[in-house]
K.L.:
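Structure provided below as structure tokens; questions to follow.
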2 protein chains.
Amino acid sequence: MNTNVRIPQFVGKECDMSNWDAGNCPVRDVINQISGKWSTLLLQALAGRPYRFGELRRLVPDISQRMLTQTLRELQRDGYIDREVFPTKPPSVEYRMTELGMSLFLPLSQVLDWAEANHAAVKAARVRFDAEA
Amino acid sequence: MNTNVRIPQFVGKECDMSNWDAGNCPVRDVINQISGKWSTLLLQALAGRPYRFGELRRLVPDISQRMLTQTLRELQRDGYIDREVFPTKPPSVEYRMTELGMSLFLPLSQVLDWAEANHAAVKAARVRFDAEA
DNA sequence: ATATGTCGCTCTCAAAAAGAGACTAGGGAT
DNA sequence: ATCCCTAGTCTCTTTTTGAGAGCGACATAT
């Protein structure tokens, strides 16, 4: 299990998985966070403008409060979004994207565009797969 | 729960989440698959060259056989990879990326590049966050 | 001849993660 | 007085993931 793993075609960006626990693989370390079920969706929303907690909740009706809080914390921890508390009554909290978050969203939005453009192809592939099985 | 949800800045690509079960949101439908913990990693590997099951297993030592099988099936179902069985003894199975998969990997690799380039910034953000908490 | 290893899985059981929803506090509106 | 608003947390249940055994047919090692 203590093998040194390099993905051949990515020489120069190889991932040493032997000390994977130490978080040595940049790609996995970063991707594993933003690849959460809700992360992309929230980044997409916050790329447009700042939102408050309740607004995000209404925007994504099928997210639980628990996961919304948790995902926002993780995005904040990784430096993609900022959290600002306004001590109004009732208190309000605003989430806004950081520079780092915006710089990530640039390439990320390309993938989102791809997803939209090729959704039909993917659905077709699924139908094909399910048919022959 | 039956609200019509549109992310304002993405007018024209709005997601109607009221029939989310029907899979009406292209972005979520596609992203939710490739955002699995292992999907990106396998796509990255297979973007380079075809691999056999056992090779992938050795390449990603901390994936369980169960998740490798499952993730490969999902990627195959969505049309990103092909699975070819060679009836040798013992049998061998080769996985290779499709045209669709390659077209996805184009924008996806931009995100992977970003991840590598900004890994330090993300780690720094984490340290900052954990310190002030 | 017998044991062990290879291959690509599937199956079971335990652990981790996610979803649903009740509960909090402090004030404003009805 | 009652209810609702805010942004959460806490608990309980369901789903997903992880660890690893088993399989069947053949090759190699002893």
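Each chain gets a letter, A, B and so on, in the order the sequences are listed, and its residues count up from 1. A quick note: this is a predicted structure, and the numbers were derived from the prediction, not measured.
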K.L.:
Output the rounded distance in Å from CZ (A:F86) to P (D:dA7).
P.N.:
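Going from A:F86 (CZ) to D:dA7 (P), I get 11 Å.
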K.L.:
Shortest non-hydrogen contact from B:T40 to A:I31?
P.N.:
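Result for this residue pair: OG1-CG2, 3.8 Å.
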K.L.:
Nearest to the side chain of B:K89, heavy atoms from C-beta on, is which of C:dC7, D:dT6, D:dA25?
P.N.:
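Of C:dC7, D:dT6, D:dA25, D:dA25 is nearest to the side chain of B:K89.
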K.L.:
Pull out every protein N or O sitting under 3.5 Å from an N or O of nucleotides 8-11 of chain D, one pair per line with the distance.
P.N.:
{"residue": "D:dG8", "atom": "OP1", "partner": "A:R73", "partner atom": "NH2", "Å": "2.9"}
{"residue": "D:dG8", "atom": "OP1", "partner": "A:R83", "partner atom": "NH2", "Å": "2.3"}
{"residue": "D:dG8", "atom": "OP2", "partner": "A:Y95", "partner atom": "OH", "Å": "2.6"}
{"residue": "D:dG8", "atom": "N7", "partner": "A:Q65", "partner atom": "OE1", "Å": "2.7"}
{"residue": "D:dG8", "atom": "O6", "partner": "A:Q65", "partner atom": "OE1", "Å": "2.7"}
{"residue": "D:dT9", "atom": "OP1", "partner": "A:R73", "partner atom": "NH1", "Å": "3.4"}
{"residue": "D:dT9", "atom": "O4", "partner": "A:Q65", "partner atom": "OE1", "Å": "3.3"}

K.L.:
Can you figure out which of D:dT17, D:dT6, C:dG19 approaches the side chain of B:M67 most closely?
P.N.:
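Selected nucleotide: D:dT17.
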K.L.:
Write down the atom of A:G36, the atom of B:S35, and the distance for their closest heavy-atom approach.
P.N.:
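Looks like O-OG, 4.3 Å.
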K.L.:
Quick one: salt bridge (Lys or Arg N to Asp or Glu O under 4.0 Å) pairs with a partner in residues 88-111 of chain B, sequence neighbours left out?
P.N.:
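Matches after skipping sequence neighbours: B:E94-B:R96.
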K.L.:
Would one find more than 12 heavy atoms of other residues, nucleotides or ligands at under 6.0 Å from atom CZ of B:R57?
P.N.:
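Counting other residues, nucleotides and ligands, CZ of B:R57 stays at 12 neighbours or fewer.
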K.L.:
Rounded to whole Å, please give me the gap between CG in A:D62 and C1' in C:dG21.
P.N.:
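Those two atoms, CG and C1', are 15 Å apart.
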K.L.:
Take atom CD of B:E94 and atom P of C:dC7, then tell me their distance rounded to the nearest Å.
P.N.:
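Nearest whole value for this atom pair: 14 Å.
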K.L.:
For a 4.5 angstrom cut-off between non-hydrogen side-chain atoms, does A:R77 reach B:D130?
P.N.:
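Yes. Closest side-chain heavy atoms under 4.5 Å.
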K.L.:
At under 4.0 Å, does any side-chain N or O of A:W38 touch on OP1 or OP2 of C:dG19?
P.N.:
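Yes, such a contact exists.
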K.L.:
By nearest nucleotide on DNA chain D, pick out whichever of B:Q70 and A:E55 is the more 5' one.
P.N.:
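This one resolves to A:E55.
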K.L.:
Can you spot which of B:L46, B:L43, B:L42 makes a side chain to side chain contact (heavy atoms under 4.5 Å, CB included) with B:Y80?
P.N.:
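By the side chain to side chain contact (heavy atoms under 4.5 Å, CB included) criterion, B:Y80 pairs with just one of B:L46, B:L43, B:L42: B:L43.
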K.L.:
Return no unless some side-chain N or O of B:K37 is found under 4.0 Å from OP1 or OP2 of D:dG18.
P.N.:
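So the side-chain polar atoms of B:K37 do come within 4.0 Å of the phosphate oxygens OP1 or OP2 of D:dG18, strictly under.
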K.L.:
Give the rounded distance in Å between these two atoms: CG of A:L68 and C1' of C:dG21.
P.N.:
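After rounding, the reported distance stands at 15 Å.
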K.L.:
Take atom CD of B:E74 and atom C1' of D:dT16, then tell me their distance rounded to the nearest Å.
P.N.:
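To the nearest whole Å, that distance equals 11 Å.
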K.L.:
Please state how far atom CD1 in A:I63 lies from atom P in D:dA7, giving the value in whole angstrom units.
P.N.:
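Distance check: A:I63 CD1 to D:dA7 P gives 14 Å.
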K.L.:
Do you know which two heavy atoms are closest between B:R28 and A:W38, and how far apart they sit?
P.N.:
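Taking every non-hydrogen atom into account, NH2-CZ3, 3.0 Å.
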K.L.:
Using whole Å, report how far CD of A:E84 lies from C1' of D:dA7.
P.N.:
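Atom-to-atom, A:E84 to D:dA7, this comes out as 15 Å.
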